[in-house]
Amino acid sequence: MCTKFVKEMEKMALYVVVLLIICYASPARSDGSDHKYKSGDQVPLYANKVGPFHNPSETYRFFDLPFCTPDHVKEKKEALGEVLNGDRLVSAPYKLDFLYDKDSEIVCKKKLSKEEVSQFRNAVAKDYYFQMYYDDLPIWGFLGKVDKEGKSDPSEYKYYLFKHLHFEIFYNDDRVIEINARTDPNALVDITEDKEVDVDFMYSVKWKETKTPFDKRMEKYSQSSSLPHHLEIHWFSIINSCVTVLLLTGFLATILMRVLKNDFVKYAHDEEAADDQEETGWKYIHGDVFRYPSHKSLMAAALGSGTQLFTLTIFIFLLSLVGVFYPYNRGALFTALVVIYALTSGIAGYTAASFYCQLEGTNWVRNLILTGALFCGPLFVTFCFLNSVAIAYSATAALPFGTIVVIFLIWALVTSPLLVLGGIAGKNSRAEFQAPCRTTKYPREIPPLPWYRGTLPQMAMAGFLPFSAIYIELYYIFASVWGHRIYTIYSILFIVFIILIIVTAFITVALTYFQLAAEDHEWWWRAFLCGGSTGLFIYGYCLYYYYARSDMSGFMQTSFFFGYMACICYGFFLMLGTVGFRAALFFVRHIYRSIKCE
């Protein structure tokens with residue numbers, strides 16, 4: 001009966017997965033692959049959003065500001081990832097027909113009220129930008145400018161609104177290749193004072209031919225991160241990381257291998273010389289080193305969640321390396337994160353339940369619930385708070401009710417069933433914990449240790465080395481996620497990730513050995529915490545980036561930055577903690593297999 005139930009659940013999950021992939025896994029493509037036009041054809045132009053340039057999370061709908069509105073505002077149907085990205089595309093008031101030039105065409109004549117003038121002035125003061133999409137090509141521009149020249153008192157500043165937008169469009173045969181938007185610096189409206197203003201909003205269009213092939217039209221947006229001086233910095237980051245890793249890990253490896261070799265020789269000699277001789281060092285605690293840890297259900301759940309996040313990261317890297325996440329492929333990354341996380345939940349269930357049963361746990365159902373809630377729980381609480389903030393600000397970051405329902409259905413119909421299926425498979429795997437030494441009935445007392453062998457100092461030492469290998473690359477990632485810089489050098493990022501994994505594993509192994517050599521057998525949680533401590537260093541870098549390297553401000557942006565970065569760093573903590581623990585467990589099993597344990 002159990003087998004029949006599992007098969008039915010697998011069938012249901014498969015149907016739902018196929019449906020989800022059809023509906024959501026194919027994000028809106030930004031290459032306009034089917035867009036061919038004839039002269040005079042209307043090319044789709046959508047206005048997306050406006051917001052302060054330095055606050056990337058704080059964006060609003062385009063028509064929240066009193067622009068000219070078209071007769072019929074049409075909303076573009078968006079994929080899941082686009083909505084998560086805060087995109088809200090609506091038809092723009094400009095008409096850019098294919099190959100039709102226009103000179104100073106009037107969009108509308110508008111009399112701005114005092115309130116509307118105040119709205120525009122506040123937007124210009126905060127460096128508001130607008131974003132549009134023309135044939136799926138992005139367009140950026142600022143709304144106005146602040147004249148501060150020769151004025152020291154902010155009350156003397158002059159605020160101007162741009163009223164003339166010039167579009168320069170490049171085409172090749174029947175395809176749109178590139179579009180640039182610039183404002184006319186001479187067509188300004190003074191909005192310094194709260195008074196009614198008459199404005200003639202205008203635009204011009206100029207078409208130019210280019211030889212750039214259609215399939216290379218997106219390369220313009222990825223070239224900024226591939227400029228020679230940027231590449232030099234990235235490669236310097238790689239070389240710096242490799243040199244640091246090679247020197248420090250080589251140094252530790254030499255010491256560790258020499259010490260281990262001496263230990264093996266010494267213990268072998270002791271066995272031959274006198275069996276009743278008192279044991280010292282890590283062999284002395286062979287009867288306690290494999291004693292199951294406290295809170296084993298929590299440890300199994302942490303390992304399950306960490307393994308799932310590690311698998312998710314690997315899949316995201318594979319998709320990025322094959323070119324799925326090209327610039328301005330709206331929402332592709334968010335769609336991939338949601339779908340892959342849902343599909344890999346079975347890995348979390350299997351890993352957690354299997355390890356929990358190896359540790360002779362009995363309540364595997366509670367362990368599965370804990371596994372499902374360990375990462376999603378804090379993420380859900382954070383999302384509820386931040387979504388409430390976005391709703392209060394009327395920002396596009398606030399998810400519509402329909403999108404929340406879709407995410408809930410993905411969790412209820414895909415994530416949870418796969419988690420349960422993985423848990424059932426893990427429970428039925430009947431795997432035994434492979435301990436080379438028999439565990440004694442009563443634990444040995446741990447001798448008094450100096451303060452620097454405590455958990456917190458060891459975590460600080462364990463996290464510093466992996467963080468030092470990635471901190472240069474972190475700036476570019478932060479500037480991309482929390483700014484407007486484009487990051488496309490995924491191969492370098494993947495190399496940095498591999499270095500991070502290797503260093504985390506090695507430093508955890510080294511610290512575990514020193515802990516065992518000091519006759520401290522409670523290494524299980526220590527290995528996990530030391531491995532994951534790099535996540536705490538990354539969160540510390542968040543503080544530095546926010547105050548020293550960015551111009552972000554305001555309650556909403558601050559909440560989004562520290563809230564979601566806390567979830568990301570927590571994910572890194574679980575993932576790297578799992579890597580560190582697995583490496584330490586492999587090492588401990590290896591050294592205790594190599595000696596004779598009574």
Side-chain angles (χ1 to χ4, degrees), residues 24 48-65 75-90 119 122-123 126-131 305 309 330-331 333-335 337-339 341-342 369 372-416 478 481-484 535 538-539 542-543 545-547 550-574:
Y24 298 110
N48 188 13
K49 52 192 176 184
V50 294
F53 182 76
H54 299 294
N55 290 353
S57 300
E58 186 183 346
T59 54
Y60 305 94
R61 291 177 180 271
F62 186 81
F63 291 114
D64 283 352
L65 290 176
E75 293 194 3
K76 183 178 183 296
K77 188 177 180 181
E78 292 160 333
L80 175 65
E82 292 178 287
V83 179
L84 294 175
N85 195 40
D87 291 331
R88 304 290 185 271
L89 275 68
V90 295
Q119 266 187 285
N122 290 334
K126 294 179 180 178
D127 282 332
Y128 265 50
Y129 69 95
F130 66 83
Q131 186 189 46
S305 297
L309 292 172
R330 295 189 305 275
L333 179 59
F334 287 102
T335 303
L337 286 171
V338 171
V339 173
Y341 183 84
I369 295 173
L374 194 62
F375 181 72
C376 286
L379 182 62
F380 175 73
V381 172
T382 304
F383 163 76
C384 288
F385 171 72
L386 295 179
N387 203 55
S388 301
V389 172
I391 292 172
Y393 274 72
S394 300
T396 60
L399 294 188
F401 179 73
T403 304
I404 295 174
V405 170
V406 167
I407 294 175
F408 173 77
L409 289 176
I410 292 174
W411 176 81
L413 299 178
V414 180
T415 307
S416 297
F478 273 60
V481 176
W482 300 105
H484 303 284
I538 296 175
Y539 199 67
C542 292
L543 295 169
Y545 181 84
Y546 181 85
Y547 290 107
S550 78
D551 295 313
M552 290 185 280
S553 61
F555 178 72
M556 178 183 167
Q557 181 61 45
T558 304
S559 300
F560 267 70
F561 179 75
F562 286 108
Y564 281 127
M565 281 310 302
C567 293
I568 292 171
C569 293
Y570 175 54
F572 266 93
F573 176 81
L574 292 174

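Keep in mind that what you see is a predicted model, and the values were worked out from it rather than measured.
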Participant: Would you give the length of the straight line joining atom CZ of Arg88 to atom CD of Glu75, rounded to the nearest 0.5 angstrom?
Facilitator: 9.5 Å
Participant: Please find the pair of heavy atoms, one from Asp64 and one from Ser394, that lie closest to each other, and give the distance.
Facilitator: OD2-O, 4.0 Å
Participant: What pairs with Asn85 under side chain to side chain donor-acceptor pair (under 3.5 Å), at least two apart in sequence or on another chain?
Facilitator: Asp87
Participant: The criterion is side chain to side chain donor-acceptor pair (under 3.5 Å); which residues satisfy it with Gln131, sequence neighbours excluded?
Facilitator: Asn48, Tyr133
Participant: Would you check if Leu84 and Ile407 make a side-chain contact, meaning some heavy-atom pair closer than 4.5 Å?
Facilitator: yes
Participant: With a 4.5 Å cut-off on side-chain heavy atoms, are Val481 and Ile568 touching?
Facilitator: no
Participant: Side chains of residues 56-63: which donor-acceptor partners sit under 3.5 Å, not counting sequence neighbours?
Facilitator:
{"residue": "Glu58", "atom": "OE1", "partner": "Asn55", "partner atom": "ND2", "Å": "3.1"}
{"residue": "Glu58", "atom": "OE2", "partner": "Tyr60", "partner atom": "OH", "Å": "2.7"}
{"residue": "Thr59", "atom": "OG1", "partner": "Thr396", "partner atom": "OG1", "Å": "2.5"}

Participant: Output side-chain donor-acceptor pairs under 3.5 Å for residues 376-388, partner residues at least two apart or in another chain, one line each.
Facilitator:
{"residue": "Thr382", "atom": "OG1", "partner": "Pro378", "partner atom": "O", "Å": "2.8"}
{"residue": "Asn387", "atom": "OD1", "partner": "Leu399", "partner atom": "N", "Å": "2.9"}
{"residue": "Ser388", "atom": "OG", "partner": "Cys384", "partner atom": "O", "Å": "2.7"}

Participant: Restricting to non-hydrogen atoms, name the atom on Pro400 and the atom on Val83 that form the minimum distance, rounded to 0.1 Å.
Facilitator: CD-CG1, 3.5 Å
Participant: For the OH atom of Tyr546 and the CE atom of Met552, what is their distance to the nearest 0.5 Å?
Facilitator: 6.5 Å
Participant: Suppose we screen for side-chain contact (heavy atoms from CB on, under 4.5 Å). Which residues come up paired with Leu65, at least two apart in sequence or across chains?
Facilitator: Val50, Phe67, Gln119, Phe120, Ala123, Tyr128, Leu143
Participant: What residues form a ring pair (Phe, Tyr, Trp, His ring centres under 6.0 Å) with Phe573, not counting sequence neighbours?
Facilitator: Phe528
Participant: Do the side chain of His484 and the main chain of Phe53 share a donor and acceptor less than 3.5 angstrom apart?
Facilitator: yes
Participant: Check Val338 against Ile410 and note the closest heavy-atom contact, atom names and distance.
Facilitator: CG1-CD1, 3.9 Å
Participant: So, Glu82 side chain and Ala79 main chain: donor-acceptor pair closer than 3.5 Å or not?
Facilitator: yes
Participant: Quick one: does Ser553's side chain get under 4.5 Å of Lys126's, heavy atoms only?
Facilitator: no
Participant: Taking all non-hydrogen atoms of both residues into account, name the closest pair between Phe560 and Trp482 and its distance.
Facilitator: O-CH2, 3.5 Å
Participant: At their closest point, which heavy atom of Ser305 faces which heavy atom of Leu574, and how far apart are they?
Facilitator: CB-CD1, 4.1 Å
Participant: Taking only residues two or more places apart in sequence or in another chain, which ones pass side chain to side chain donor-acceptor pair (under 3.5 Å) with Thr403?
Facilitator: none
Participant: Would you give the length of the straight line joining atom CG of Leu89 to atom NZ of Lys49, rounded to the nearest 0.5 angstrom?
Facilitator: 9.0 Å
Participant: Could you note down all residue pairs passing side-chain hydrogen bond (donor to acceptor under 3.5 Å, both in side chains) where residues 559-574 supplies at least one of them, sequence neighbours left out?
Facilitator: none
Participant: Please identify each residue that fulfils side-chain contact (heavy atoms from CB on, under 4.5 Å) with Phe408, with sequence neighbours left out.
Facilitator: Trp411, Ala412
Participant: Please enumerate all residues that pass side chain to side chain donor-acceptor pair (under 3.5 Å) together with Tyr129, with sequence neighbours excluded.
Facilitator: none
Participant: Does Tyr393 reach the side chain of Phe555, with side-chain heavy atoms less than 4.5 Å apart?
Facilitator: yes
Participant: What pair of heavy atoms forms the shortest contact from Gly571 to Leu309, and how long is it?
Facilitator: O-CD1, 3.6 Å
